[in-house]
Structure formats: structure tokens, C-alpha cells
Amino acid sequence: MAEEPTGPPRGPVGTRDVLWPESARWEQLVARFARRARLAGYGLLVTPVLEEARLFRRGVGEASEVVTKEMYELTDRGGRHLALRPEGTAPVVRAFVQHNPPVPYKAWYVTPAFRYERPQAGRYRQHHQLGVEALGSDDPDLDVEVIALAAGFYVELGLSRVALAVNSMGCGEDRPAYLSALRAYLDTHAAELCDEHRERYGANPLRVLDCKRPACMAVTAGAPRLVDFLDAPCAAHFARVRAGLDALGVHHHLEPRLVRGLDYYTRTTFEFSDPGLESAQNAVGGGGRYDGLAEAIGGKPAPGVGFGIGIERLLLACDAEAAFAVAAPAPEVFVVDLTGGEEGRDLAEELRRAGLAAVRAFDDRSLKAQLRLADRSGARWAAVVGPAEKDKGTVQLKDLRGGSDRELPRDRLVAELSGGEVRQ
RNA sequence: GUGGCCGUAGCUCAGUUGGUUAGAGCGCCAGGUUGUGGCCCUGGAGGUCGGGGGUUCAAGUCCCCUCGGUCACCCCA
């Protein structure tokens, strides 16, 4: 247990503050995603960050790493056992089950997610995800729509190296046959597996496929493949998904060992990775179909498919590819006041009421200081009001790019700035 | 949870084999004729050297602990 800290409080380990102006990029990212989602008919869904802990135990999986080792759990003052959401899908499905909206119900979200793990490049205890979920249909074209939405988003941001891996995990019908085949294979190669999996793979042999240690990877390279065990409906579904991606020009490749760490996946799984990311965490998004999840959490059966994109990692990928540069937001007008503040106060508000982004200096700074601030603010115009202008009822309008200056009646200022006469 | 590396001004860093009042650049503030920014010049503010303990005549420099950061394993976004 950590000792009681001293000094001013700090943000908890593994969390970050995104200060302005850096946050401008974040803001833009969410806006772009929202637009894309809306174009495809996905509406914003807001759900609580807190959920009953049992939602994730049942949904994400009792034995999954995320639940057993990484979940933030707490008991509230009323004795309720709650958890901070470790991922985005289960809460969406919970809301769907609880409210039973018309299907297909297509929603997008932006949310923090919490996992108690050691932070490193591209990995935090609180990270943020952008995602969509489409519930109530098992149409493979819906898988295609969802995947294309994500793929198009990466392209829109200027990410050119993002690769899409896909796989199918089958369903409750064909999974048992595959599991026994995999188990039989692993039994004959048990001695060659990594330390962690040598003794224990019985509970969920799929985990071994996900193991990145060289020993396990060498063994699983020759293991039976999920796609070879799909029953007819699942095989047809997967074929339709891949054909749809091809038809839309969404490049992808089969990754037979892609199983992902959350237990709820069935049929389609996919993952986007950016090899441009230097760090070990180069997965910038992932998702899949989860036709058994609604039922697993106690609702009536409902299929679903969706994905999550990690905002922090996505931005790291943008840095690595020198993509998605966003200019810091700048005001249109900087109001310079030499009358003691009253004129500046009133004029700034007047401009804002007219829809112009207007800022000013405080603390009665010198003219020189105010103009310096105006320059650094990035504003195109400075509107200067001193005692002389106040008496005459005018303002000096200064073009901060060139430096030219002209005086105009104060009641003409808004019209000048918003009318296009001065704007170019 | 395990391991490597690193903690000196707001930021990026320098601080010789331990030796006076801890420095630079950038940023910030003020001034450079009474009301005009950017460039330049001058000056200024700002640091419990992450924290605690120890060694020593003397610790930013060495040792231990601790907190934090960072990277990796694992897993994932």
C-alpha cells in the first residue's frame, strides 16, 4: 500500500492532464469522429463511468485479465459493489438491455476507461476510447459498416500505415470442436510452451494463441486455425464480411491467431495496428462481434458488433506519422483597453454577443504588454480603446498581421469585423 | 506484479575527482521618451537541487529507503 503522500495533490499514477492548447487536437479528434458516426447513423450514447462490478465479471469474463487483475472496484456508502468501467462495450450492452430501444440500435461514445496496470508508452491507468456499437442485428454487412467506419477514420486523420487484421472466432456451435482440437494439439506440445502456459491452458486454451512470447508463438504457428473449424453459418458470415471489406476497398488480412483478451467475442474479431508506433503498444483500435454478450449479462439474446479506439494511442500514432496537425485556436479580436478596463469589458462582451471570438487583457496592463499579448494570442485584429477613443466614441482597429491601423466609430466595429469588409 | 533507466527554475538542460551566495537557453514580468505588438538591448521575478535518513569538516554530487517519471515484460486502447 502506498503511504500518505505529502505536498500538493498530484494526478494519480497513470493519469494525465491534457492542457490547453494541446487539447485542441483532442477536441478536433472527437469532433471528427462524431461527424463520421453521425454520417453513418450512429447517435451519441452517454452511460455512467460507474457500473455494478458484476456487469464486467459476467460480460467481459470472470477469468479475463482485465477483470481479475486490472479492474478498479469499490464499495459505495450504500454497500453497492461498483467498478470503474475497464472497457466500453459492456456498459453499452447493459444500457441496451435495460432500455430495450428499437433495433438495430447504433450508438457511438467517447469515454474514459480504467485499468490498474503499470503505465508505459501508450498505456495509462485512465485512457480514453472512441467507439461505436451496433446492437440487435447479426447481418455481416453491419460488421462491414462498423469496420469501414473505423478504417475511414484513420484515413481521414492521415494515418497511412494502419493495418487491419481480421479473424473469426466462430460461435457456440462450432467452438467446442475447435477447442478440443486446439487442446489436443497443445497437449502434444505442452513442453515447448512458455512458463505461464506450460501448465495451465485448460481453462481457456485460446489465451495461448494470444501469447506473444516466442515459445508460445512458435507452437501456435502450427496450431489448428479457428477459421478451419467454422460451421456453415459462421463461415458464410465471415466470407460475407471479407467480401464486403474488399468491395469497399478496406484493406485487411487474415490473422488466424487474433482472439483478443475479452471473453465475449464471437465470429468477427479485428484489430488495427500502426507499425509506425515505436512503442510496444501499437494497437490503435480493435473490436468484434459479441452475439452472446446481452444474454451473458442476463438480458434476452441480442447480437452486436463494435469497436473501440484508444485516443492517446491514436494521437501517438499521428505524431509518429506526422499526421493530424491541429492549429491552436485563436480569437478573432483582441481588445486593448487603456481606460482602466471598463471599455474593454463592455466591448469584448459586445463582440461576443455578435458571435465574434474576442479576448482581452486583465490587470490593467500597459499598452505595450497588451499588444504583445494580442500578438501572441494569434488574433487577427486588435481593437484599441483609450481615453481619446472613448471620448470620440471610436476604436482603433489594428491589423496584427501587417500593422496598419484605422479609426472607426465604435458602433461600426461589429459590422466591420463580421461583415466581410475587413475580413479577407 | 517483476525489471532497466531517470528525477536541478514553468519548459529543455549544464553543474568538473563531494568544496564559498546553484547556472544557461527558452518562456514569464518590467523598462528602452508622454498611446502601438513581432526583431533587438537592459534589468527582474522564479529553485525545500522529488522527499526522508545516512556517510563527511563539507552532499545537487556518495550510500540506503521512499515517492514520482520513463521504458520493457504481461495484457490491452
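All values derive from a computational prediction rather than experimental measurement. No hydrogens, no waters, no symmetry mates; every other heavy atom, side chains included, goes into these values. Protein chains get the first letters and strands the later ones, always in sequence-line order, with residue 1 at the start of each.
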Gap in Å between the two [atom1] atoms, one belonging to [N] and one to [M], rounded:
N	M	atom1	value
B/rC63	B/rG25	C1'	34 Å
B/rG60	B/rG51	P	11 Å
B/rG47	B/rU42	P	24 Å
B/rG68	B/rG52	C1'	14 Å
B/rG46	B/rC6	P	32 Å
B/rG7	B/rC49	P	15 Å

Determine, for [X] against [Y], whether the closest basic-nitrogen to carboxylate-oxygen distance falls under 4.0 angstrom.
X	Y	answer
A/E416	A/R406	yes
A/R25	A/D319	yes
A/D263	A/R207	yes
A/D210	A/R260	no
A/R365	A/D363	no
A/R57	A/E73	yes

* **Contact pattern, 5' to 3', of nucleotides 34-42 of chain B - B, S or - by protein heavy atom under 4.0 Å** => -BBBB----

How is [X] classified with respect to the nucleic acid when contacts are heavy atoms under 4.0 Å: base, sugar-phosphate, or nothing?
X	value
A/E65	sugar-phosphate
A/R10	sugar-phosphate
A/R207	nothing
A/G122	base
A/R123	base
A/R16	sugar-phosphate

* Please, which pairs that meet side chain to side chain donor-acceptor pair (under 3.5 Å) have at least one residue in residues 26-53 of chain A, sequence neighbours excluded? ->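 Matches after skipping sequence neighbours: A/Q28-A/R32, A/R32-A/E156, A/R36-A/E156, A/Y42-A/E145, A/T47-A/R85, A/E51-A/R94, A/E52-A/R54.
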
* Asked: Is A/H127 stacked on the base of B/rA77, meaning ring centres closer than 5.5 Å and planes within 30 degrees of each other?
  ->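 Yes, A/H127 stacks on the base of B/rA77.
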
* Asked: Any N or O donor-acceptor pair linking the side chain of A/E117 to the base of B/rA77 at under 3.5 Å?
  ->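 A donor-acceptor contact between them is present.
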
* To do: Check if the side chain of A/Q120 and the base of B/rC75 share a donor-acceptor pair of N or O atoms closer than 3.5 Å.
  =>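 Not at all, since no donor on one side and acceptor on the other fall under 3.5 Å apart.
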
* To do: Give a yes or no on this: more than 12 heavy atoms of other residues, nucleotides or ligands lie within 6.0 Å of atom NE2 of A/H253.
  =>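 Yes - once you tally the heavy atoms of other residues, nucleotides and ligands closer than 6.0 Å, there are more than 12.
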
* For the pair made of CD in A/E271 and C1' in B/rC75, what is the distance, rounded to whole Å? ->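 It works out to 11 Å between those atoms.
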
* Asked: For the pair made of CG in A/D17 and P in B/rC11, what is the distance, rounded to whole Å?
  ->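 Checked: the CG to P distance equals 13 Å.
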
* Asked: Is it true that the NZ or CZ of A/R125 lies under 6.0 Å from the centre of A/Y116's six-membered ring and within 45 degrees of the ring axis?
  ->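 Yes, a cation-pi geometry holds between A/R125 and A/Y116.
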
* Intra- and inter-strand pairs of RNA chain B in dot-bracket (Watson-Crick or G-U wobble, both distances under 3.5 Å; | for another strand) -> (((((((..((((.....[...)))).(((((.......))))).....(((((..]....))))))))))))....

